[in-house]
Amino acid sequence: MNRKKAIPRETPLLEVKKLQTSFDIDGTDYHAVDQISFRVNPRQIVGVVGESGCGKSVMGLSIMQLLPKESGRITAGEIIFDGFHLENMTDSQMNKIRGREISMIFQEPMTSLNPVFTIGYQIQEVLLNHLKISKREARQKVIALLKSVGISRPEKLVDEYPHQLSGGMRQRVMIAIAIACQPKLLIADEPTTALDVTVQAQILELLKEIQSVNDMSIIMITHDLGIVAEMCDEVIVMYAGNIVERTDVNSLFYQPRHPYTNLLLGAIPKLAEESDRLSSIQGMVPSLINMPKAGCRFANRCPQASPECFTVSPVLAEVSQGHEVACLLYETSKRGEGVRE
Ligand SMILES: Nc1ncnc2c1ncn2[C@@H]1O[C@H](COP(=O)(O)OP(=O)(O)OP(=O)(O)O)[C@@H](O)[C@H]1O
Ligand SMILES: [Mg+2]
């Protein structure tokens with residue numbers, strides 16, 4: 001008998017289960033991230049894509065437990081990192097993990113660096129916070145770190161202030177801070193959006209190099225499907241707080257299933273195109289307070305929507321090995337007919 005040997009599944013570094021993150025707006029909780037589940041394996045680069053307002057940053061901030069205290073909180077679900085539940089951790093427990101085990105490069109580099117402290121001081125703080133080393137050792141480490149992120153003359157730069165640096169240099173500093181303690185997971189939220197194309201390519205190259213040298217996993221949040229193709233192993237497509245598709249990078253580009261993913265792929269600008277306008281998807285992502293009450297959240301923008309799509313909520317389910325989609329097109333039992341292609 002030709003029985004296939006079961007391939008042992010790798011223990012994930014991060015497992016997010018049915019995570020729901022809500023914002024209190026005028027006394028009512030609205031879900032910016034709603035019941036999302038995914039895993040990140042050791043050394044894996046997982047891309048997160050979706051239009052503006054889909055919940056990508058809120059997802060990253062939820063993992064880091066850095067939601068705005070006055071309005072945002074995790075209202076359901078689990079975040080299991082390296083065997084530990086993060087969703088129940090106290091601030092002081094999280095302080096030991098944040099920057100040490102998990103780091104984040106934030107969407108706005110200028111607001112993340114403190115303008116009144118030198119670059120050296122800001123990196124040194126992270127090291128002193130987590131490692132038992134002297135100030136002198138920390139300064140040496142800072143210089144080595146700056147060198148490792150491609151900064152020439154780091155001895156000079158340690159004593160400079162953020163405003164003295166170009167955008168690309170600032171982003172390199174942000175990366176140095178994020179990797180200072182060799183975290184197991186890096187959440188990079190649009191790490192290159194503000195940079196020009198050449199610098200962007202250098203920063204991505206740098207991230208890839210660091211990832212392989214440090215055996216790090218990365219969650220790469222981006223609008224840019226080019227970056228996904230270049231960097232990622234797996235991809236999560238988010239729409240209005242939900243995951244609508246999750247698959248490996250090749251299937252995303254060659255066998256996209258969800259109509260939203262298809263439209264996103266169609267929205268990639270082509271250099272040769274005569275028009276210089278980006279084709280974009282008709283309509284807008286609903287705001288938190290205007291989420292559809294029933295059915296698929298994408299239905300009103302979906303060219304393939306049927307009447308059921310406005311009433312029946314799709315469930316993320318496997319359509320082929322390792323490829324999950326949340327769309328009634330693939331849920332034959334709910335539609336009572338075959339898959340519409
Ligand atoms: N502090 C907040 N208070 C209320 N609503 C918020 C807050 N932060 C985010 N939101 C809402 O949560 C939803 C998801 O926002 P999020 O910032 O995660 O989007 P995103 O996918 O990261 O978008 P972008 O690509 O523009 O960065 C949006 O509707 C946004 O308006
Ligand atoms: Mg964002």
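Order of listing sets the numbers, starting from 1, for every ligand and every atom in it. On a predicted model such as this, the values are computed, not experimentally measured, just so you know.
- Nearest protein neighbour of atom 27 (O) of ligand 1, counting heavy atoms only, is Gln107 NE2, 2.8 Å.
- Scanning the protein heavy atoms around atom 25 (O) of ligand 1, the nearest turns out to be Lys56 NZ, 2.7 Å.
- Between Val49 and Thr222 the shortest side-chain heavy-atom distance falls below 4.5 Å.
- Asp82 places a side-chain heavy atom less than 4.5 Å from the side chain of Lys184.
- Between Ser37 and Val16 there is no side-chain heavy-atom pair separated by less than 4.5 Å.
- For Cys54, the closest heavy-atom approach to ligand 1 falls below 4.0 Å.
- Distance from atom 23 (O) of ligand 1 to its nearest protein heavy atom, with residue and atom name: Gly53 N, 2.8 Å.
- The OG atom of Ser217 sits 8.5 Å away from atom CG of Leu14, with the distance rounded to the nearest 0.5 Å.
- Taking the six-membered ring where the residue is Trp, the centroids of Tyr30 and Phe23 are separated by 6.0 Å or more.
- Atom numbering of ligand 1 starts at 1 in the shown order; those under 4.0 Å from a heavy atom of Pro68 are 1 (N).
- Side-chain contact check for Lys135 versus Leu128: some heavy-atom pair is nearer than 4.5 Å.
- Nearest to atom 15 (O) of ligand 1 by heavy atom, out of Val58, Thr222, Thr193, is Val58.
- Scanning all protein heavy atoms for the shortest distance to atom 12 (O) of ligand 1 gives Ala32 CB, 3.4 Å.
- The pair Arg301-Glu51 meets the salt-bridge criterion, with a side-chain N (NZ, NE, NH1 or NH2) lying under 4.0 Å from an Asp/Glu carboxylate O.
- Using a 4.5 Å heavy-atom threshold, the side chains of Ile45 and Gln211 count as touching.
- Met104 contributes atom CE, which lies 9.0 Å from atom CD1 of Ile219 (distance to the nearest 0.5 angstrom).
- Comment: Glu137 does not engage Lys141 in a salt bridge, judged by the lack of any side-chain N to carboxylate O separation of less than 4.0 angstrom.
- Every atom of ligand 1 is numbered from 1 in the order shown, and the set under 4.0 Å from a heavy atom of Ser52 is 23 (O), 24 (P), 25 (O), 26 (O).
- With a 4.0 Å heavy-atom cut-off, ligand 1 is reached by the backbone of Ser57 and by its side chain too.
- Shown are the protein N/O/S atoms under 2.8 Å from the Mg ion (ligand 2), given by residue and atom: Ser57 OG, Gln107 OE1.
- The shell of residues lying under 4.0 angstrom from ligand 1, judged by heavy atoms, excludes Gly50.
- Ligand 1 lies within reach of Gly55, whose nearest heavy atom is under 4.0 Å from it.
- Residue Met238 does not touch ligand 1, judged by heavy-atom distances below 4.0 Å.
- The shortest N/O to N/O separation between His223 and ligand 1 falls below 3.5 Å.
- Protein heavy atom at the shortest distance from atom 11 (C) of ligand 1 is Leu288 CD1, 3.7 Å.
- Among all non-hydrogen protein atoms, the one lying nearest atom 3 (N) of ligand 1 is Phe23 CD2, 3.5 Å.
- Salt-bridge formation is not detected for the pair Lys96/Asp91: no Lys NZ or Arg NE/NH1/NH2 atom is positioned less than 4.0 Å from an Asp or Glu carboxylate oxygen.
- By the definition of a contact as any protein heavy atom under 4.0 Å away, atom 31 (O) of ligand 1 is not in contact.
- Two residues are said to be in side-chain contact when any heavy atoms from C-beta on lie closer than 4.5 Å; Met216 and Ile218 meet this criterion.
- Side-chain contact between Val235 and Arg246 is absent, with no heavy-atom pair separated by less than 4.5 Å.
- Note on Lys18 versus Asp34: no salt bridge recorded, every NZ/NE/NH1/NH2 to OD/OE distance being 4.0 Å or above.
- Of the protein's heavy atoms, at least one falls inside 4.0 Å of atom 6 (C) of ligand 1.
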